[in-house]
Protein chains: 2
Amino acid sequence: MARVGLTKELVVLAAAEIADRDGLDALTLAALAAALGVKTPSLYAHLGGLDDLRLRLAALAAAQLGDVLAPAAAGLSRGEALREIGHVYRQWANEHPGLYAALQPASPAREPAAEQVLALVLAVLRGYGLEGDQAIHAARTVRAALHGFVTLEAQGGFGIPVDLGDSFAWMLAALDRGLASA
Amino acid sequence: MARVGLTKELVVLAAAEIADRDGLDALTLAALAAALGVKTPSLYAHLGGLDDLRLRLAALAAAQLGDVLAPAAAGLSRGEALREIGHVYRQWANEHPGLYAALQPASPAREPAAEQVLALVLAVLRGYGLEGDQAIHAARTVRAALHGFVTLEAQGGFGIPVDLGDSFAWMLAALDRGLASA
DNA sequence: AGCCACTTCCTACGGCTCTTAGGTTAGCGC
DNA sequence: GCGCTAACCTAAGAGCCGTAGGAAGTGGCT
């Protein structure tokens, strides 16, 4: 019985790879164990089970997204910052569909990263002169638009053959105008 | 063996009720059969299986959403029409979380209703002077914002204790300004 | 009325999922 | 070299979807 030498980190990374390649639904403990060259019950030495795996995946995703987003708006303001954050957000989501999907049911595991992103967005919104409740409304607006677009795109929800990148850029420009005139 | 007298319609309606009450994930053939007072395999007389049930649910959801949305913007234009459509959309989604979720993986089953909704939105956008590709970009923007907000709301994705209705109204107003200045 | 055919509904089963319980063995520290 | 930890295993159970094949209620036809 040659030991594989798994660690929690290796297991979660392998899970992320499966989720991104085959979809989050294809991430089963059986598939994960097979990918690691191990029998399914052996995973319970490293994980608390499927729910625990999903939480760890969500935490990993939140951390990664936070890391790519953090430097995106450095030195930019208003429209430029919004556009940059938007494009980085969309690109990361497109490159990591499984991880992005794992982010979905809001869980405590991703709370810290969520607050990091929120702070980042609020900083940009201050450039628009938005504070207090206004800033919260605006942050939710931006988040809803980004999340909605990326989600619909991932699910093939946009049927019409008009370039999605153009539409995304158009949306960010419209958001910029909407925020600027608040 | 008293017969229950099921029909495809009754089965799908019962499924919709379970999905809305307990969540789409809780909609299993076993749960559906139990709710109908029948054993699981009996459902196969009315359905092709779980995938088929999900498609039928998506078709039902698309039809319902189209029906409530169609008269929403009658006699209104621009900002008022957008606000009305938005509120009806959100209200329906909040009242039917299971059906709304069933709409998710874009399937051929909901195509007709999707086109109906698209035509409705495009009509409103004409009020903003948007045509051709511009109108497509704008329609995608509106859809992304609505879908994103409603989805995040359903998942408890908005943590901060600021009124969600206010945020939604703010988003619709921001969209209106963004579209008006396109 | 009586019978036939249809369709609903059933039991039984196989394969997949996650999960727990308990035993074996590899490899590190003493 | 020996023992302890933990990584890994087999075995088993509950729940899921889906298929196969049989029994029974219901409507139509003679």
Side-chain angles (χ1 to χ4, degrees), chain A residues 1-61 98-99 101-102 104-105 107-109, chain B residues 1-61 97-99 101-102 104-105 107 109:
Chain A
M1 312 281 162
R3 299 210 169 184
V4 182
L6 298 184
T7 66
K8 298 186 205 312
E9 287 71 24
L10 281 175
V11 171
V12 174
L13 287 178
E17 196 180 323
I18 293 174
D20 280 340
R21 181 165 27 89
D22 304 331
L24 190 58
D25 290 345
L27 176 60
T28 64
L29 291 182
L32 178 56
L36 291 167
V38 145
K39 303 294 180 182
T40 306
S42 304
L43 295 176
Y44 284 81
H46 309 282
L47 299 170
L50 187 60
D51 288 347
D52 180 53
L53 175 61
R54 295 217 177 99
L55 285 182
R56 289 173 193 274
L57 217 52
L60 174 66
L99 279 179
Q104 278 333 87
S107 61
Chain B
M1 313 280 161
R3 298 209 168 184
V4 182
L6 298 184
T7 66
K8 300 185 203 310
E9 288 70 25
L10 281 176
V11 171
V12 174
L13 286 178
E17 195 180 325
I18 292 174
D20 280 340
R21 179 163 30 86
D22 305 331
L24 190 58
D25 290 345
L27 175 60
T28 65
L29 291 183
L32 178 57
L36 291 167
V38 145
K39 304 292 179 182
T40 306
S42 304
L43 295 176
Y44 284 81
H46 308 283
L47 300 170
L50 187 59
D51 288 347
D52 180 53
L53 174 62
R54 295 218 177 99
L55 285 182
R56 288 173 193 276
L57 216 52
L60 174 66
L99 279 179
Q104 278 332 93
S107 62

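Chain letters run A, B, ... following the sequence lines, proteins first, then strands; residues in each count from 1.
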Asks: Please check the phosphate of D:dC8 (OP1 and OP2 only) for any side-chain N or O of A:His46 closer than 4.0 Å.
Replies: yes
Asks: Contacts to DNA chain C from residues 14-37 of chain A, heavy-atom cutoff under 4.0 Å, which residues?
Replies: A:Thr28, A:Leu29, A:Ala30
Asks: Figure out the CG/C1' separation between B:Leu43 and C:dT7, and round it to whole Å.
Replies: 15 Å
Asks: So B:Leu32 and B:Leu53, side-chain contact (heavy atoms from CB on, under 4.5 Å) or not? Walk me through it.
Replies: CA-CA 10 Å; B:Leu32 178 57; B:Leu53 174 62; 3.7 Å; yes
Asks: Please report the shortest heavy-atom distance between A:Val38 and A:Ser42, naming the atom on each side.
Replies: CG1-CB, 3.3 Å
Asks: Distance from A:Leu29 atom CG to A:Leu50 atom CG, nearest 0.5 Å?
Replies: 5.0 Å
Asks: Going by side chain to side chain contact (heavy atoms under 4.5 Å, CB included), A:Leu47 matches just one of A:Arg54, A:Arg56, A:Lys8. Which one?
Replies: A:Arg56
Asks: Using a cut-off of less than 4.0 Å, is there contact between a side-chain N or O of A:Ser42 and OP1 or OP2 of D:dC9?
Replies: yes
Asks: So if I take every side-chain heavy atom of A:Tyr44 and compare against D:dC8, D:dC17, C:dC18, which nucleotide ends up nearest?
Replies: C:dC18
Asks: Would you mind classifying the nucleic acid contact of A:Thr40 as base, sugar-phosphate or nothing, using non-hydrogen atoms under 4.0 angstrom?
Replies: base
Asks: Drop me the distance from A:Leu36's CG to A:Leu13's CG, to the nearest 0.5 angstrom.
Replies: 10.0 Å
Asks: Counting side-chain heavy atoms from CB outward, which of D:dC9, C:dC9, C:dT11 is closest to B:Lys39?
Replies: C:dT11
Asks: Could you give me the CA-CA distance, side-chain angles and deciding distance for B:Leu57 and B:Leu99, then say whether side-chain contact (heavy atoms from CB on, under 4.5 Å) is met?
Replies: CA-CA 7 Å; B:Leu57 216 52; B:Leu99 279 179; 3.9 Å; yes
Asks: Can you tell which of C:dC10, C:dT20, D:dC17 lies closest to the side chain of B:Pro41?
Replies: C:dC10
Asks: CG of A:Leu50 versus P of D:dG15: gap in Å, rounded?
Replies: 17 Å
Asks: Please report, rounded to the nearest Å, how far the C1' atom of D:dC8 is from the CG atom of A:Leu10.
Replies: 16 Å
Asks: Can you measure A:Leu47 atom CG to D:dA7 atom P for me and round it to whole angstrom units?
Replies: 12 Å
